[in-house]
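The structure appears right after this line, and notes come after that.
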Amino acid sequence: MIRETVKLIPGRDDVYLDYYGNADRSEAADAVLIMPGGGYSMVCSDRAGEPVALAYLTKGINAFVLHYSVAGGIKDPLDPLTDASLAMLHIRANADKYNIDTARVFAVGLSAGGHLAGSLGALWNDAELQARLPETGGGNRPTGVVLCYPVISGGPKAHRGSFECLTGSKDMSLHTQYSLDTSVTEQTPPTFLWHTWTDTCVPVENTLLMAAALRAHNVPAAVHIFPQGEHGASLASPIT
């Protein structure tokens, strides 16, 4: 196994990638950019970062865990999405180094990290975001998105703390501006969602709203709702 840490923004020690790769680079492989949860107040990499990366690595998939702007590090609500976009650009720009198939780079997000991964899928071509990036060729668009018990809506079923940390405000009208179910377009990549019916932290309606939006815009999707389970299951294993 190859393990590296890559800083994404000069002068920012809190925004970086942890890379987990296979030493056998005889042929180009898929890659995943993993965004752990933490309510935009922290990055839960111990439970939803490295274990998830290693699970993908065992399947021969290159894995990158993103440590993105949270809490006081967020000066603008676009900051975490900018971090995620820079990470996608880095992965594709260094495809030869990592021996990655640039056509198969996926975004994986858990909980609030699901909101970030979903934002990358739905808002990758946002004009304000693109103006922040070193290139505008769409290299930040993921091939597909995996959303695990994701924070989606800033409306009545919101995980309010996530939106308060992201926006720095308790104003619900501001929160709804970052609802992903109203941001989906035909350019949103194929999406896999899973949630548990009994999640009392991030209600399952978040996934249902996103699924309905994807359907309305004819975006291919797979949706799995499990009947039981608490929030934050990660790999649903004793380790996580």
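Computed from heavy atoms alone, side chains included, the values below leave out hydrogens, waters and symmetry copies.
Closest approach of Pro189 to Val145, counting heavy atoms only: CG-CG2, 3.7 Å.
The salt bridge (charged side-chain N to carboxylate O under 4.0 Å, His left out) search around Asp96 returns none, not counting sequence neighbours. Partners of Phe64 according to the ring-ring contact (aromatic ring centres under 6.0 Å, His included) rule, which considers only residues two or more places apart in sequence or in another chain, are Tyr19, Tyr98. Take Lys97 and apply the salt bridge (charged side-chain N to carboxylate O under 4.0 Å, His left out) test, not counting sequence neighbours, and it matches Glu4. Applying the ring-ring contact (aromatic ring centres under 6.0 Å, His included) criterion to Tyr40, with sequence neighbours excluded, gives His115.
Inspection of the Asp83 and Ser69 side chains reveals an N or O donor paired with an N or O acceptor under 3.5 Å. Thr143 and Arg141 share no side-chain donor-acceptor pair at under 3.5 Å. A donor and an acceptor atom, one from each side chain of His67 and Asp18, are located under 3.5 Å apart. Of the N and O atoms on the side chains of His175 and Asp171, not one donor lies less than 3.5 Å from an acceptor on the other residue.
The salt bridge (charged side-chain N to carboxylate O under 4.0 Å, His left out) analysis of residues 104-132, with sequence neighbours excluded, yields the pairs Asp30-Arg104, Asp76-Arg132, Asp79-Arg132.
Met42 and Met35 end up in different hydrophobic clusters when Ile, Leu, Val, Met, Phe, Trp and Tyr side chains are linked at under 4.5 Å.
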Return all side-chain donor-acceptor pairs below 3.5 angstrom for residues 223-233, not counting sequence neighbours, or 'none' if the list is empty.
{"from": "His231", "atom 1": "ND1", "to": "Asp199", "atom 2": "OD1", "distance (Å)": "3.4"}
{"from": "His231", "atom 1": "ND1", "to": "Asp199", "atom 2": "OD2", "distance (Å)": "2.7"}
{"from": "His231", "atom 1": "NE2", "to": "Ser111", "atom 2": "OG", "distance (Å)": "2.8"}

